[in-house]
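Right, one structure below, let's go through it.
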Amino acid sequence: MSKISSLINFIAKRNISLTTPCEGKRNFRKFVLANKRGSRIHKQQQMSPNRELEVDKRGVRDVGYYLNGRFVQVPEMIPELIVPDLKDCDLNPYVSYKAEDVIQSEFTAQQLFDAVYSKKIVTDFKQGKLDAEGLPLEPSDEEKLQPDEAIKRAKRTGSDIF
Amino acid sequence: MRIYNFLSKKVGELTIKYSNLPESYIKRSYEQVYWKNPKGYPQYPAAQIARKNYRFTTNRPWTMQFGRQNERTTQRKKVFLEPIGEWMYFKGDRVEILVGRDKGKQGIVSQVIQERNWVIVEGLNTHLRVVGKDKSFPGITVQSEAPLLVTTGVKLVDPETLKATDVEWRYTEEGEKVRVSTNSGRIIPIPKAAQETVDYKSRELYMENPDKDTTAAVANKITFAPKLQTFEMDIMESMGIKEDRTPATTYWY
């Protein structure tokens, strides 16, 4: 084992510290001291209100929050897995080798525009249902949609990526 | 970086293709990693200490036999290989042997081992091997083919003159990449047997398993219809989930 641990020092790591010296604690930041690791004194300090390190939750998200020392559970924070009914699904775990390789280009915003709006615009133009600025006189639901409303609808899913 | 990627790649392209296994799986199955830094902590670089030199043989890298030949405790002498620009030899090719007992004979390539620049020619360049020898049983003698180096051991056969020839990769006017014999200028087509993998002889001849395989017709069907919705909105609509609460607006400063 000694040979291996000496090998790891060959991996180049160069650091410049611009802050004041870390009171000699610098090296010990390198190790992962998850909840149960460390000396008795360290763990006692971790249990006290001014803990040094955050609780390592191992990637698990909270299902609530602490309020005045008590845990409040929020039903919306509990993940819910919605599994579709696969009774009449034709898809199986593997794909047959007979299937051709599909190389598909990216679905662009212009293609989406063409699919949703272009047909309506062409028919409106032919029937003279466009005003002087080119806006429809009888707009469809998609044409009435404004950007802020569209963002609101996307956020209503509860997804936090928008 | 490209040169480094090329040089650090150990398992050959044709080997991966033949196995029908993901490249990452093959790498994981033969690699011997001794130490890996923990993931997800900023103080650790993504470093690992692993065995560097493996002895590639006729045993495929994902097999147990390969693992046994590359035991953790054993170190074997490094094999120096002549770098090959573009691979010429495929399974099913007719080749002439240039070295050994069967010098001058022609045969069909039955296996390609790119890791060692080897091809195995069916029934040629053989030796005898005694199998299953016991105290009470004398064993059975079988003929086993030895691999041949593609750099010095074999040459492709020209389909016109039926003689060994040098070969080049060239492009046809349609932009297709083909092997051309330099002697007669004839195209040497890549044989059908080169398509063979562990799962099928050729893609068209693959027998679909109705319980496990999505059939080709279903897999190629386009079910995507463009909608003015996000993926999540589409799923909520199809599952009949209704939600009319909107999260409060947030700002970035």
Side-chain angles (χ1 to χ4, degrees), chain A residues 1 3-8 10-13 15 29-32 34 56 58-59 76 80 82-85 89-102 104 107-108 111-117 140-143 145 148-162, chain B residues 20 34-35 37-50 195 197 199-200 202-250:
Chain A
M1 279 307 284
K3 200 176 178 188
I4 288 166
S5 58
S6 66
L7 275 174
I8 204 161
F10 284 113
I11 301 159
K13 281 166 255 158
N15 297 318
R29 290 196 180 170
K30 189 177 169 186
F31 305 108
V32 180
D56 191 344
R58 311 266 176 193
E76 283 86 348
E80 185 188 358
I82 296 166
V83 183
D85 184 18
C89 189
D90 297 332
L91 304 176
N92 284 328
Y94 302 96
V95 177
S96 159
Y97 289 111
K98 273 186 183 172
E100 284 169 41
D101 292 335
V102 179
Q104 215 171 16
F107 188 71
T108 59
Q111 284 165 336
L112 181 65
F113 180 87
D114 287 347
V116 176
Y117 296 107
S140 63
D141 286 346
E142 283 97 12
E143 282 168 338
L145 189 67
D148 52 337
E149 173 59 21
I151 289 170
K152 268 184 194 169
R153 281 192 201 174
K155 280 189 174 173
R156 250 170 236 165
T157 56
S159 170
D160 52 4
I161 58 170
F162 305 112
Chain B
N20 253 339
Y34 306 135
W35 167 259
N37 274 347
K39 262 186 196 171
Y41 297 98
Q43 67 265 47
Y44 288 103
Q48 74 168 23
I49 294 173
Q195 295 174 14
T197 69
D199 291 326
Y200 52 79
S202 80
R203 274 187 159 211
E204 310 86 75
L205 298 176
Y206 174 70
M207 295 286 279
E208 283 173 355
N209 182 340
D211 297 329
K212 292 181 178 177
D213 288 336
T214 308
T215 52
V218 174
N220 285 336
K221 204 160 70 185
I222 297 166
T223 53
F224 170 70
K227 277 184 199 166
L228 209 60
Q229 282 177 329
T230 64
F231 174 74
E232 290 84 354
M233 284 158 79
D234 200 5
I235 294 286
M236 277 174 76
E237 198 184 81
S238 63
M239 298 299 294
I241 303 166
K242 291 222 167 63
E243 178 65 66
D244 37 77
R245 292 172 298 168
T246 315
T249 347
T250 50

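As the structure is a prediction and not an experimental result, all values here were calculated from the model. First the proteins, then the strands, lettered A, B, ... as listed; each starts at 1.
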Q.
Let's go through A/Arg153 and B/Glu232 carefully: what are the C-alpha distance in whole Å and the side-chain angles of both, what is the deciding distance for salt bridge (Lys or Arg N to Asp or Glu O under 4.0 Å) to 0.1 Å, and is it a yes or a no?
A. CA-CA 10 Å; A/Arg153 281 192 201 174; B/Glu232 290 84 354; over 6 Å; no

Q: Report the option among A/Val102, A/Asp85, A/Asp90 that has the most heavy-atom pairs separated by less than 4.5 Å from atoms of chain B.
A: A/Asp90

**Q.** Among B/Thr215, B/Asn209, B/Asp211, residue most engaged with chain A (heavy-atom pairs, under 4.5 Å)
**A.** B/Asp211

Q. Checking A/Val95 against chain B: side chain, backbone, both or neither under 4.5 Å from a heavy atom?
A. both

Q) Is there a side-chain contact between B/Asp199 and A/Tyr97, using heavy atoms and a 4.5 Å cut-off? A) yes

Q | chain B interface, residue from A/Ser96, A/Gly59, A/Ala99 that has the most non-hydrogen pairs under 4.5 Å | A | A/Ser96

**Q.** Exam field: side chain B/Thr230 to backbone A/Ala154, donor-acceptor pair closer than 3.5 Å
**A.** no

Q. Is a salt bridge present between B/Lys227 and A/Glu142, judged by a nitrogen-to-oxygen distance below 4.0 Å?
A. no

Q | Structural part of B/Glu204 lying under 4.5 Å from a heavy atom of chain A | A | backbone

Q. Which bit of A/Phe113 is near chain B, if near means a heavy-atom gap under 4.5 Å: side chain, backbone, both or neither?
A. neither

Q. Measuring heavy-atom distances to chain A, does B/Met233 have an atom under 4.5 Å in its side chain, in its backbone, in both, or in neither?
A. both

Q | Which portion of B/Thr246 sits near chain A, non-hydrogen atoms under 4.5 angstrom | A | both

Q. Checking B/Tyr206 against chain A: side chain, backbone, both or neither under 4.5 Å from a heavy atom?
A. both

Q | A/Leu145 and B/Leu228, any side-chain heavy atoms less than 4.5 Å apart | A | yes

Q: Answer whether the closest heavy-atom distance between the side chains of B/Pro226 and A/Leu112 falls below 4.5 Å.
A: yes

Q: Please look at A/Gln104 and chain B and tell me whether the side chain, the backbone, both or neither of the residue comes under 4.5 angstrom of a heavy atom of that chain.
A: neither

Q) Tell me, do B/Arg245 and A/Glu76 make a side-chain contact under 4.5 Å, heavy atoms counted? A) yes

Q: Would you give the length of the straight line joining atom OG1 of A/Thr157 to atom CE of B/Met236, rounded to the nearest 0.5 angstrom?
A: 6.5 Å

Q | Cationic N near anionic O, under 4.0 Å, B/Arg203 to A/Asp101 | A | yes

(Q) With a 4.5 Å cut-off on side-chain heavy atoms, are A/Ile82 and B/Ile241 touching? (A) yes

Q: Flag yes if more than 12 heavy atoms outside A/Glu149 fall under 6.0 Å of its CD atom; otherwise flag no.
A: yes

Q. At a heavy-atom separation under 4.5 Å, does B/Pro42 approach chain A through its side chain, its backbone, both, or neither?
A. neither

Q: Carefully, step by step, assess B/Tyr41 and A/Asp56 under the rule side chain to side chain donor-acceptor pair (under 3.5 Å).
A: CA-CA 11 Å; B/Tyr41 297 98; A/Asp56 191 344; 3.2 Å; yes

Q) What is the distance from atom OG1 of B/Thr214 to atom CG of A/Leu91, rounded to the nearest 0.5 Å? A) 5.0 Å

Q. What is the minimum heavy-atom distance between A/Asn92 and B/Pro210, and which atoms define it?
A. ND2-O, 3.3 Å

